[in-house]
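In what follows, every chain begins at residue 1, and chains take the letters A, B, ... in the order their sequences are listed. What you see below is based on every heavy atom in this structure, not just the backbone, and it leaves out hydrogens, waters and symmetry mates.
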2 protein chains.
Amino acid sequence: MAEKPHKYLKIIEYIKKGIDYKGFTDSIPSENQLAEKFGVSRMTARRALVELALEGTVDRIPGKGTFVRKHRHYTSGFFTVRPFRKWAEELNAELRTEVLKAEIGQPPHDVALKLDYQGETILLEMLNYLDGIPVRHSKRYLRADYCAGILWEDLANQSVHEILMGKYKLPLTRISQTMTAVGLPAALTDLFQEAAGYPVFFFQRIAFSEKIPINYVEYTMRGDMAFEDTFSPRLYPQDIAPVDQ
Amino acid sequence: MAEKPHKYLKIIEYIKKGIDYKGFTDSIPSENQLAEKFGVSRMTARRALVELALEGTVDRIPGKGTFVRKHRHYTSGFFTVRPFRKWAEELNAELRTEVLKAEIGQPPHDVALKLDYQGETILLEMLNYLDGIPVRHSKRYLRADYCAGILWEDLANQSVHEILMGKYKLPLTRISQTMTAVGLPAALTDLFQEAAGYPVFFFQRIAFSEKIPINYVEYTMRGDMAFEDTFSPRLYPQDIAPVDQ
DNA sequence: CAGTGGTCTAGACCACGTC
DNA sequence: ACGTGGTCTAGACCACTGC
């Protein structure tokens, strides 16, 4: 009846306990040290460390070593935010995008702060419909010095993300965002055709390209548009990857 | 001047093009076939397929093969849902948990359906406070045949998750959940001390242990509790792919 | 320079699904 | 019986950071 758990799992378990019980507070044994300690090949020890890095438990730095992440992500779940177009496809819904504003000018103070930038910005305001129902409103500020030409693009039929990636070679390397639930503000009641106070999601997102904040967006989205996700806390064999392209 | 990109990246590129140009519409060459075609070892071909599976581009099924995913996960972001206790720690807030109900009985019909189970369930109703403010209400049904003893545990000071994992050896292997934004229902106005209609998050979550659904929870959480996340859309310890050109 | 992680090889055994 | 993916071995070379 002897269990025969995989060796790399035993190593992962060992390291996690070492972290929890403060055995390792910063550095973690190297691949070679683990391989010797557990009597396994280096590839197997490596596998354990790679999985821990994928989980976010650990950081690996070539030439230096493997280190405990201070801000562990004890994720007990997550919700993915997909590009609107892909979402519409999954729901088999007809997507329409209306461009309400597309202009250049000085951004409000708070936006300038968030972008850490004093110059002019492109303001894009749009409304997305699914099957004729207004579902998401977005108000977006883009650094004009990077992509002013976006004003001449066909904004109704391509995502801003795609345009930035494709024509302006601005890959989004980091995203920082918050989400709250709020009541629909009075300014948007006409667009959504709902009463003020109707429950909606409110997102604020800053997107970075190579550490430079390029894009600040505020999304307001109907609260009855459910986010659904299924995932397994085991990562290697399958599932999930916060990747875009 | 010869470029020397990694071999597994070439294989990934090959497969992605095969998918885009409809060369592969369903099945993808096996590890052995790829290894031979590219003149690499099986481990290298495998690496390519594993990464594609991690990305969500492909599904791998032991004993069968590797297949193109129809439902590609074009993630443009995500929000993690952390255990409440960890969240409180990050916010440096004092956590208090009040147990409102802890009893055994027949579950409502819709819950029995979601758990795919006809027997008795444990009903746990709790309210979590952060710094004295009621922030999250939970109503949870657990299969009594797996963990009836949980009624005698100290529910106010341990998470249900921890108890299931620790004492009942029920690791949660999968989670399926939805999130919406709704107005606070009248039944909860007293607990939250807010008017009906106050914007809140509403979560419905089913947690599985080894493919058996054992836990159904409904969370209602104040909408002003922001979810924050920062992430970089690159996954495997290897940076940006030198996109086409 | 020795140590680290990143890639790669050419074998091996296993559990599983298909025929 | 055969092919598939999952795990594992005992070597190897490289690029990088530290001293």
Taking the nucleotide of DNA chain C with the nearest heavy atom to each, does A/Met43 or A/Gly63 sit closer to the 5' end? A/Gly63
Can a side chain N or O of B/Thr44 be found less than 4.0 Å away from OP1 or OP2 on C/dT9? yes
Spacing of A/Lys114 atom NZ and A/Asp116 atom CG [to the nearest 0.5 Å]: 13.5 Å
Counting just side-chain N and O atoms, does A/Gln33 come under 4.0 Å of either OP1 or OP2 of C/dG3? no
Using atom CG of B/Asn32 as one end and atom P of C/dA12 as the other, report the distance to the nearest whole Å. 13 Å
Under 3.5 Å donor-acceptor pair, A/Arg47 side-chain atoms to D/dG6 base atoms: no
Without hydrogens or angle criteria, can the side chains of A/Tyr216 and A/Gln204 be said to hold a donor-acceptor pair below 3.5 Å? yes
Indicate whether OP1 or OP2 belonging to C/dG5 is found under 4.0 Å from a side-chain N or O atom of A/Thr66. yes
To the nearest angstrom, how far is B/Ile12 atom CD1 from C/dT7 atom C1'? 13 Å
Mapping A/Pro62 and A/Ala45 to their closest nucleotides on DNA chain D, which lands nearer the 5' end? A/Ala45
It should be established whether B/Arg60 places a side-chain nitrogen or oxygen under 4.0 Å from OP1 or OP2 of nucleotide D/dG6. yes
Are B/Thr97 and B/Asn128 linked by a side-chain donor-acceptor pair shorter than 3.5 Å? yes
Between A/Ile61 and A/Ser41, just flag the one whose closest nucleotide in DNA chain D comes earlier from the 5' side. A/Ser41
Separation of atom NZ in B/Lys10 from atom P in C/dC8, rounded to whole Å: 11 Å
Polar contact flag, side-chain donor to acceptor under 3.5 angstrom, B/Thr66-B/Arg60: yes
Whole angstrom value for the distance that separates P of D/dC8 from CD of A/Glu51: 10 Å
Let me know the distance between CZ of B/Phe67 and C1' of C/dT18, rounded to the nearest Å. 11 Å
Report the distance from atom CD of B/Glu36 to atom C1' of C/dT9, rounded to the nearest whole Å. 16 Å
Expressed in angstrom and rounded to an integer, what is the separation of B/Lys7 atom NZ from D/dC13 atom C1'? 11 Å
B/His6 NE2 to C/dG5 P, straight-line distance once rounded to whole Å: 17 Å
Given C/dT9, D/dG6, C/dT7, which nucleotide is nearest the side-chain atoms of B/Tyr8? C/dT7
A/Ser30 side-chain N/O to C/dT4 phosphate OP1/OP2 under 4.0 Å: yes
Would you say B/Arg46 reaches D/dG5's phosphate, i.e. side-chain N/O to OP1/OP2 under 4.0 Å? no
When the nearest nucleotide of DNA chain C is assigned to B/Arg42 and to A/Glu31 on a heavy-atom basis, which residue is associated with the more 5' position? A/Glu31
Taking only side-chain N and O atoms of B/Lys64, does any of them lie within less than 4.0 angstrom of OP1 or OP2 on D/dG3? no
Does a side chain donor of either A/Tyr8 or A/Arg46 reach within less than 3.5 Å of an acceptor in the other side chain? no
